[in-house]
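What follows is a single structure, written as structure tokens, with notes after it.
The sequence lines fix the lettering, A, B, ..., with proteins before strands; numbering per chain opens at 1.
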Protein chains: 2
Amino acid sequence: MSGDIEVRELRYFVAVAEELHFGRAAERLGMAQPPLSRSIRELERRLGVTLLERTTRRVTLTAAGRAFLRDARVALEAVTAAEQRARHAGRPEPGLRLAMKADYDAGLLPRILDAYHREDAAVPVDLLMGGRGEQAPALRAGLADVALLPAPFDDRDLDHEPLVTEPRLAALAAADPLAARPSLVLADLVGRVLPDGAAAHLADPQPLRGLGTAPQPRRLPTVPTGVAGPPPAGSQQRYRDLAQIFTLVELGAIVWFPPESVARRHPRSGIAYREVRDLGPSTLCVAWPRQLRSAAVAAFVRAAAAVAAPALKPVSALIPVSDSA
Amino acid sequence: MSGDIEVRELRYFVAVAEELHFGRAAERLGMAQPPLSRSIRELERRLGVTLLERTTRRVTLTAAGRAFLRDARVALEAVTAAEQRARHAGRPEPGLRLAMKADYDAGLLPRILDAYHREDAAVPVDLLMGGRGEQAPALRAGLADVALLPAPFDDRDLDHEPLVTEPRLAALAAADPLAARPSLVLADLVGRVLPDGAAAHLADPQPLRGLGTAPQPRRLPTVPTGVAGPPPAGSQQRYRDLAQIFTLVELGAIVWFPPESVARRHPRSGIAYREVRDLGPSTLCVAWPRQLRSAAVAAFVRAAAAVAAPALKPVSALIPVSDSA
DNA sequence: GCCATTCATACCACCAGGGTATGAGTCGGG
DNA sequence: CCCGACTCATACCCTGGTGGTATGAATGGC
């Protein structure tokens, strides 16, 4: 009789714990409800612990269930990361997979790659261009080996090194009355649609790094691909490519806060970039999975740090987790 | 047909990768060799990657295999930690499990516990007294929630906060000629048997924290329990309890480097404690699993930091990994 | 009090995973 | 150079775990 917890059981439990409904969880898992119920019960029996409190009307997590949900997610991430990294390492010439969002490199990418290729441990670099907030998960999932990304980001299981800090600007429609002013403060923008949780800057203070922060919801809002028309105002829609953002900014539908280097790279007649005096700066970081200490990654981090060194300003607080990350 | 990697397969692969021999690995796993061979082959097929190069005479790891071994160990650790933490969280009154080595608290434990119990989030504390080097693994395995331990230690997947730094002394047999001197330097001790990799202080500089450090062997030397007679000189024997160490020090069999607070707590006529002018100090840390951010742990860390605050000296370099950790 | 909803139980069927027997390739010794 | 030992792979069988279907039982709303 069964000793070990299996990955399958972890997936089952996570599904039920997320749905809090055996029927829906079973549907999501592509199976029938009775074997799912049985699996969970068997899991509980082996753990010697009740994870879920069930009545026929309601399913709730126990304290142990909440703890197990958190740890099960971590474990599942570790398993899939192992799988992905092995797949990549098995390729004939496994390059270094660098995850970043296009243009979010503070103009350093060419010099970093140059410096990197002069390192002894250098291997070819595969660029993985992703949307905002996809870099850190890609590292965790084993899909990338190293990333360039702006802080703050969710740095669970990641190590990082700040590279450069630069101001962020507000991108406004040129026709916007605010564009007439040479500089703004955040309060000027109250009521505007701000992308990507930037609204939090106006509302709450940033969550502090450290212990005791409540666990954050991890689910990303789903991104409808190939949408037509602007999203409803006030939605926390996430924009994957700059063209889309530019269009919406030009239309006055949103305000956007790009780092200075990104703005400088995209002058555009319909868009005005303005200083925001009380908007915190953006810090570009290099990040990598904590337990991954390959020579190729180390060389990349060295190269990036060396290139950035002259411009380095220490970042006062790297916020590890935020709802919008 | 193939969906997911399973924990069983990870265990199988780790066994084979460690033994580099299917027969022995099968024996270790308590199964026959053919199904083990088949499982590994099936795992490779699903990964699309060759993990092991086999001839009938020799089994070797491929590059992908080495990467997968590292990640598989991490994943297995995560699974067992999830299991253990759930078991503990399911107990009727789950206390905070504090791992430490007896006496290695720099005299702070009573005050830390006092301060902790005044915290709102405080729960009863279960003390887990372990030998040297067992604290960090206990945190990783989900057997403890928080630990007090001296740096350096293997801090993979752990967060830590330094508490106090204090000098270490040399414990010598009172009859030792060196005991006549008021203070020593490490060079005086060349050729002595030093426990727990302290010899590294004499030989190589400490490995630097950071990337690119080669992966370290993780296997602890096995500790024969209930040994009789002193171990052979030069062995990297690990000593579990102080009584054993004292006996060996008194006999002049070893030299030992306890933190000052430990020495002060154990005055003993047969043993002389002497300053070692070039021996680095010891820093007591509080450590906890990185992803575990419970209120009880946060409260404990706060309490420990508050108690230690007056005495806090920053530690210059926490060495994350060492052979002796 | 009835009915809809939802989790648990009962029972069945299939195949994944483990066992045994044996083949095949490789290295070493005579 | 051939033989034999060693070790991994293949062939085949069989058990039990895992999933499906049918149905019961309990809960909460109307």
Side-chain angles (χ1 to χ4, degrees), chain A residues 1-62 64-65 68-69 72 76 79 83, chain B residues 1-62 64-65 68-69 72 76 79 83:
Chain A
M1 204 151 308
S2 51
D4 284 318
I5 307 291
E6 276 302 335
V7 169
R8 179 176 33 78
E9 303 179 280
L10 296 181
R11 292 194 200 287
Y12 288 0
F13 173 73
V14 169
V16 175
E18 282 178 357
E19 299 287 345
L20 292 177
H21 189 290
F22 281 81
R24 278 196 301 276
E27 190 182 5
R28 192 174 119 185
L29 292 165
M31 66 187 290
Q33 168 262 319
L36 176 60
S37 284
R38 202 183 28 175
S39 283
I40 299 289
R41 199 160 275 296
E42 173 67 12
L43 173 65
E44 290 178 316
R45 192 191 60 72
R46 268 182 293 174
L47 287 174
V49 161
T50 304
L51 299 171
L52 295 157
E53 216 62 75
R54 330 122 154 90
T55 70
T56 56
R57 306 301 292 176
R58 164 176 356 276
V59 176
T60 56
L61 281 166
T62 62
F68 193 63
L69 175 58
L76 286 175
V79 171
E83 187 175 335
Chain B
M1 197 150 317
S2 65
D4 284 317
I5 308 291
E6 277 301 335
V7 169
R8 179 178 32 78
E9 305 179 279
L10 296 181
R11 292 193 201 288
Y12 289 0
F13 173 73
V14 169
V16 174
E18 284 178 355
E19 299 287 346
L20 293 177
H21 189 289
F22 281 80
R24 278 196 301 276
E27 190 182 6
R28 191 173 120 185
L29 292 164
M31 67 187 291
Q33 166 263 319
L36 175 59
S37 285
R38 202 179 30 165
S39 283
I40 299 289
R41 197 161 276 296
E42 173 67 12
L43 173 65
E44 290 178 316
R45 192 190 64 71
R46 270 182 291 177
L47 287 173
V49 161
T50 305
L51 299 171
L52 295 157
E53 216 63 73
R54 330 123 155 88
T55 70
T56 55
R57 307 301 292 176
R58 161 174 0 275
V59 176
T60 56
L61 282 166
T62 62
F68 192 64
L69 176 58
L76 287 175
V79 172
E83 187 174 337

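- In this entry the distance linking CD of B:E19 with C1' of D:dC8 reads 16 Å, nearest Å.
- Atom pair A:I40:CD1 and C:dT6:P shows a separation of 17 Å (rounding to whole Å applied).
- Residues B:T60 and B:L20 have side chains not in contact (no heavy-atom distance under 4.5 Å, counting atoms from C-beta outward).
- For A:R58, there are no side-chain hydrogen bond (donor to acceptor under 3.5 Å, both in side chains) partners, not counting sequence neighbours.
- Distance B:L43 CG to C:dA16 P: 16 Å, rounded to the nearest Å.
- Rounded to an integer number of Å, the gap from CG of A:L36 to C1' of D:dT21 is 16 Å.
- Contact record, A:F22 with A:I40: CE2-CG1, 4.0 Å, taken as the closest heavy-atom pair.
- Counting to the nearest Å, the P atom of D:dG19 and the CD atom of A:E27 are 17 Å from each other.
- A:E44 places a side-chain N or O within 3.5 Å of a backbone atom of A:L51 that can act as its donor or acceptor partner.
- For the pair B:E9 CD and C:dA16 C1', the computed distance is 11 Å after rounding to whole Å.
- At whole-Å resolution of the value, CG in A:D4 and P in C:dG17 are 14 Å apart.
- Going from atom CD of B:E44 over to atom P of D:dC8 covers 13 Å, rounded to whole Å.
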Which parts of nucleotides 7-14 of chain C does protein reach within less than 4.0 Å, heavy atoms only, written one letter per nucleotide 5' to 3' as B for base, S for sugar-phosphate only and - for none? BBB-B---
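- In this structure, of D:dG19, C:dG18, D:dG20, it is C:dG18 that holds the atom nearest to the side chain of B:M31.
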